[in-house]
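Structure, as structure tokens:
We name chains A, B, ... by the order of the sequence lines, and we start the count at 1 in each one. Below, all heavy atoms of this structure are taken into account, side chains as well, without hydrogens, waters or symmetry copies.
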Amino acid sequence: MNRQELTNLRSLAIDKQQKYKHKICVCCGASCISSGAEAVLKKMQDEIKARGMDQEVEVIPTGCMGPCNQGPLVKHMPDNTIYQKITEENIAQIIQSQLIDKKPIEDILLFADSREKPFVNANEDPFFKKQLKIALKDCGELNPESIDDYLVHDGYQALSKVLFQQSPEEVIAEIKQSRLRGRGGAGYPTGLKWETVYKHVNDHKYVICNGDEGDPGAFMDRSVLEGNPHRVLEGMTIAGYAVGANKGYAYIRGEYPLAIKRFELAIKQARKLGVLGDHILGTDFNFDVEVRIGAGAFVCGEETALIASIEGKRGTPKPRPPFPAESGLWGKPTLINNVETMASIVPIINLGGEWYSDIGTPKSAGTKVFALAGKINYSGLIEVPMGTTLRQIVYEIGGGIQGDAPFKAAQTGGPSGGCIPAAHLDVRMDYEALVNLGSIMGSGGLIIMDDSSDMVDVARFFMEFCMDESCGKCVPCRVGTKMMHDLLQKICDNKANSNDLQRLEELAIYVKETSLCGLGGSAPNPLLSTLRHFREEYDQRISKPVVNSY
Amino acid sequence: MTTITIHINEKEYQVAPGKTILEVCRENDIEILTMCHLKGIMDVGACRLCLVEIEGVNRLLSACTTKVGANMIIRTDTERIKRYQRITTELFFAERNHVCSVCVANGKCELQQLGYKVGLDHIRYPFLYPQCEVDSSHPWYVMDHNRCIMCTRCVRVCNEVEGAHNWDVMNRGYQVRVISDFNTPWGESITCTSCGKCLHACPTGAIWPKAIVQGQLNKKPEIIEELMEKRAMKL
């Protein structure tokens with residue numbers, strides 16, 4: 001396959017799709033499947049066929065559309081009408097009124113049960129209107145299991161562009177100009193990382209895509225991998241070209257069987273098409289990708305532990321330096337980026353680094369995907385420009401707190417992050433602002449809590465998570481998290497005194513500063529941030545100081 | 001030979017590049033506490049006792065795994081480091097069941113020495129008192145998990161020096177244990193060569209020969225280094 005053949009194939013695929021008058025997208029993300037989307041899809045396909053409409057109506061499964069707790073979702077294109085909570089009984093009605101009578105069905109429109117007037121065009125709904133989809137752009141509109149569909153959505157155009165028009169240096173310059181920062185949590189500038197790997201001269205280099213998303217309540221990477229696996233694959237291939245690697249690994253956690261299945265299918269399709277493997281698009285560039293499946297350890301999301309896991313060893317982190325960019329997988333220079341970062345590469349190449357850097361805040365460019373969960377009316381997957389306030393996310397996109405209860409806190413960054421109290425609802429969400437509040441951006445889990453949440457218990461929950469997930473290699477994390485958990489449990493049980501709290505604070509700082517890797521280094525964050533913003537809840541449970549308790 | 005200039009505790013040193021901070025400090029009689037470090041095997045930076053402050057680096061770095069760089073300004077003796085060394089030592093003692101008075105290693109134990117060095121007079125954290133096994137199935141040696149501090153020196157020495165890889169680590173968090181083969185009794189191991197290197201590598205009384213009683217343990221951790229040096233000469 002050369003460049004011309006790819007263009008021809010793309011035109012063929014576009015022609016094929018333009019024959020259809022209607023497109024019915026059935027959301028087949030993991031959460032919609034769990035509420036019965038596959039039966040809906042099958043029934044829809046059968047019904048369309050039975051009525052002889054299959055020449056003008058295309059029915060496809062898609063990735064996540066966003067409002068996950070309203071699933072299963074069915075979207076009609078080009079009208080952009082989304083129907084919620086669809087069962088097999090609704091199918092005939094949808095076909096009749098949406099496709100034949102051209103009248104939307106009011107009572108099953110998206111958010112029909114909570115909005116006074118639901119929107120026929122879903123893009124006008126505040127849930128979508130306030131969002132800006134870049135990484136998730138085609139998610140929910142294309143069939144993740146069809147490479148033709150991806151080609152229609154400008155698939156592999158970015159790869160073709162870099163291979164024929166740009167040198168690796170130019171690609172890196174473009175990424176640097178975009179000011180894209182790593183979406184895995186730490187926010188290291190992606191262009192700089194690529195450049196470091198590029199500069200290390202070695203016969204073998206590797207690209208790793210980190211899809212070991214383990215934070216409780218986070219499902220961004222899963223949705224991207226399930227909804228648009230080719231986009232991630234294309235991003236990895238571009239990364240391989242830029243840094244000079246010929247081999248890539250996608251490390252996906254074992255709890256995501258659908259993501260693994262779709263990504264493996266995407267690899268097969270891409271190899272067959274000649275956009276992956278030897279002599280990509282007829283050039284001298286070779287790049288292949290393999291999937292590695294995680295075995296359930298949270299610590300394997302830490303880059304050095306992930307590398308050890310790919311090497312077939314026990315997943316434990318190594319001290320850095322040396323950083324993976326210098327000595328990573330099998331001691332070779334290795335580029336390791338998160339799924340969402342990889343998914344942002346293609347639009348940056350297509351539309352330019354300058355375009356991307358204009359979005360967001362001065363220090364954090366672009367958009368961020370959040371997994372909105374907890375006591376919020378519309379939970380699901382959202383993508384907003386950096387700098388969107390928490391209030392906009394909670395009240396405009398998320399539709400406010402369930403039962404109009406008062407907002408208490410938003411937990412960002414999972415077990416490595418912290419809680420943002422109501423006083424800071426107007427914080428503009430970017431890397432620096434969240435760090436200033438004692439939290440972190442993290443991978444994008446956003447758990448909204450109302451006044452029924454007990455913040456000490458929240459801290460205890462996350463500490464228990466870190467205690468269980470600590471790999472046990474270094475002392476501060478192994479024993480320190482256990483000690484902190486026991487002390488938090490003591491406070492929850494109303495058995496602690498002020499000496500216990502003092503010891504807890506001392507341990508928290510100690511574990512944060514001395515741990516070997518990021519897991520231990522950030523494990524005290526939920527504790528420290530709740531202590532900072534909700535200290536009164538700790539004080540209420542603590543008895544008077546005991547003199548001479550030692 | 002080219003040398004680089006570094007500062008340790010406000011004193012200037014000319015050292016060869018490529019060495020770790022720990023090596024440089026030991027050569028110059030600057031005390032750095034360690035537990036998981038053993039000359040002759042790879043460093044893993046697990047015990048976090050050798051952490052040092054480096055100017056311009058916002059994290060504490062382990063001296064055993066960090067190489068010296070030109071013009072590095074290193075501090076090994078700040079109040080913060082001393083405080084953290086003490087907490088680490090306390091956590092070592094609180095984690096499992098260390099009872100010096102009945103231990104074979106009493107008087108020769110590196111953990112005990114560490115306690116003296118950091119001035120440990122009491123432990124402020126609750127003892128965890130885990131239920132630990134004592135594996136005495138091997139004909140000559142005993143593995144007592146109550147005294148293990150998970151430094152993994154035995155694991156590394158078995159893998160890197162003896163090449164047997166009898167020892168490995170299982171579980172996560174505070175439930176980690178050193179295991180023989182796939183967690184079978186040591187005596188049934190098909191990989192163990194009974195060489196006894198793990199016994200000499202062990203800093204505490206966790207691995208010891210059967211024929212001794214309290215305080216009689218005579219470990220020679222330095223034989224690992226000697227062995228590796230002799231091997232290197234042969235090559």
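- Side chain of B/Thr89 to main chain of B/Ile87: no donor-acceptor pair is present (N/O by atom type, distance under 3.5 Å, no hydrogens or angles).
- Between the B/Asp144 side chain and the B/Val134 main chain, no donor and acceptor come within less than 3.5 Å of each other.
- Side-chain N or O atoms of B/Arg156 include one that pairs as donor or acceptor with a backbone N or O of B/Met42 at under 3.5 Å.
- Only the side chain of B/Leu61 comes within contact range of chain A, with heavy atoms under 4.5 Å apart.
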Sequence neighbours left out, cut at 3.5 Å: what donor-acceptor pairs do the side chains of residues 30-40 of chain B make with other protein atoms?
unit_1, atom_1, unit_2, atom_2, d
B/Thr34, OG1, B/Arg26, NH2, 3.1
B/His37, ND1, B/Asp43, OD1, 2.8
B/His37, ND1, B/Asp43, OD2, 3.4

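- No other option in B/Leu51, B/Val44, B/Ile149 has as many heavy-atom pairs under 4.5 Å with chain A as B/Val44.
- Within the 4.5 angstrom heavy-atom criterion, only side-chain atoms of B/Leu128, from C-beta onward, approach chain A.
- Top candidate by heavy-atom pairs under 4.5 Å with chain B, chosen from A/Thr316, A/Leu507, A/Ile509, is A/Leu507.
- The cationic atom of A/Arg253 (NZ for Lys, CZ for Arg) lies less than 6.0 Å from the six-membered ring centre of A/Tyr256 and within 45° of the ring axis.
- Contacts with chain B were tallied for A/Thr481, A/Leu516, A/Asp500; A/Leu516 has the most, counting heavy-atom pairs under 4.5 Å.
- Both the backbone and the side chain of B/Thr65 come within less than 4.5 Å of a heavy atom of chain A.
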Determine whether A/Phe298 and A/Phe465 satisfy the following criterion, ring-ring contact (aromatic ring centres under 6.0 Å, His included), listing intermediate values before the conclusion. CA-CA 9 Å; A/Phe298 176 69; A/Phe465 182 87; 4.9 Å; yes
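- Contact tally against chain B (heavy-atom pairs below 4.5 Å) for A/Glu469, A/Lys318, A/Met467: the top residue is A/Glu469.
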